[in-house]
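Take a look at the structure below.
One-based numbering along the sequence shown. In each ligand, atom 1 is the first atom listed, and ligand 1 is the first ligand listed. What you see is a predicted model; the values in this text were computed from it and never measured.
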Amino acid sequence: MYLDVPGGFSTQVAILEKPLAEYLPTSNWLLLGDMSVRLIWRSHNMPEPEVSNWVETSEAAKRMETLLPWLEHWAERNVHRNHTLVVVGGGVLSDMGGLAASLYMRGIAWHVWPTSLLAQIDAGIGGKTAVNLDSGKNLAGAFYHPQRMVVANSFLDSLSARHLKSGKWELIKMALIEGDIAWAESLLDCKIPSSSDMKHAIGLKIGIVNRDFKEHGERRLLNLGHTLGHAIESASNFDILHGEAVGLGILAACLLSKSCGVTAFPSGLIEKTAKQLAPLSSRIPVWEKCLPFLLRDKKNEAENNLHFIIPIPASRPIQQKISPEVLESAFAKLFFMVNSH
Ligand SMILES: NC(=O)c1ccc[n+]([C@@H]2O[C@H](COP(=O)([O-])OP(=O)(O)OC[C@H]3O[C@@H](n4cnc5c(N)ncnc54)[C@H](O)[C@@H]3O)[C@@H](O)[C@H]2O)c1
């Protein structure tokens, strides 16, 4: 069964316990899968079409040159405009596979089967597809909705503890966007989010994307933690995972609330957040390495003018321009807090 999504939202969404073949296209489809889930796919007797590619993925290889051989391969195998690409994998592969679908023959249909926590509650939804450039994350991409998203919970059974934790930060981001401090706190406390947490987050993201697909206003809130997060992730050479970097970005944004003149976050929540991020302390790049990525971020229309999402306890975040100097002091505070746990 597909979820009831708001009118105008062009992706069918199904949430299942385990993968089921009946949610695949009935004909003319090709598969692009993350090698890490190939055995799981097969263990559920899921079919593989004639044109199937199982690929190794990494953030460092989320680049245009990785994607081009896939397009060549599909052309050699006579994949045509009426084919549907089914992408099975985490956020790296869904971002790349969606972009490949948008490019091949000027756009073929695609379905996404997200397999990591982060992709199931965030990356798989909303049609943002991209690859990285030397200058920064996700700088070349397209808005291109999948026709269908199928979330099968059992994929998470094999996901590493580090990637589960990393994905949780995007869920915590959703709670803070809703101004729901109690939800954020319960997510910080739990090991694995419940299926109702996941359903709630998926529904919230669908609503936001449906109201603002091209990110002219409300959708920008989903960048909470990402302006600094992307810079930290790139400056660390992807040693810090995407979700972990978002967690650090969220902490900095919470610390900024006071200097932006809005209600400060409860110190208990800030302390708990810093404690959970403490294992990353030795990996955090210095400010001087992050700054060039911040200044090149695609969301900053003018240099020295950082577009920032500031969360507010018990309310939706505000969007504010802040100077790099103000952010630098929040970064220093974050660095100190994370290192002192
Ligand atoms: N398009 C969007 O709206 C959006 C939103 C958030 C993040 N993103 C992007 O998502 C990416 C991060 O996604 P991610 O955290 O899923 O990373 P990922 O795709 O690298 O997956 C994490 C790791 O887990 C493995 N894996 C995936 N599913 C597995 C499973 N079920 N069992 C075992 N291993 C599995 C992968 O091979 C990889 O090694 C970033 O590139 C980020 O920019 C996109």
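Here the two rings, on H111 and W29, have centers that are 6.0 Å apart or farther. Checked against the 6.0 Å centroid criterion, the rings of H242 and H226 qualify as a close aromatic pair. Within the 6.0 Å centre-distance limit, the rings of H145 and F213 are counted as a close aromatic pair.
When the heavy atoms of V92, V88, N223, N132 are ranked by distance to atom 19 (O) of ligand 1, first place goes to V92. By heavy-atom distance, the residue among E59, K173, E170, E244 lying nearest atom 6 (C) of ligand 1 is E170.
Across every non-hydrogen atom of I309 and P317, the tightest pair is CG2-CB, 3.6 Å.
At a heavy-atom cutoff of 4.0 Å, ligand 1 is contacted by both the backbone and the side chain of L159. The part of N138 lying near ligand 1 is the side chain, judged by heavy-atom distances below 4.0 Å. Residue-level proximity to ligand 1 for V37 is carried by the side chain, the only part with a heavy atom below 4.0 angstrom. Under 4.0 Å from ligand 1, the heavy atoms of K62 that appear belong solely to its side chain. Counting heavy atoms closer than 4.0 Å to ligand 1, residue D34 contributes side-chain atoms (C-beta onward) but none from N, CA, C or O. Only the side chain of K205 comes within 4.0 Å of ligand 1, judged by heavy-atom distances. Only side-chain heavy atoms of H163 come within less than 4.0 Å of ligand 1; its backbone N, CA, C and O stay farther off.
Distances between N or O atoms of S116 and those of ligand 1 include at least one value under 3.5 Å.
Classified by interplanar angle (parallel below 30°, tilted 30° to 60°, perpendicular above 60°), the ring pair H200/W183 is tilted.
For the 3.5 Å distance criterion, the side chains of S186 and D189 fail to qualify, holding no donor opposite an acceptor.
The existence of a salt bridge linking E215 and K128 is confirmed by a sub-4.0 Å separation between a basic side-chain nitrogen and an acidic carboxylate oxygen.
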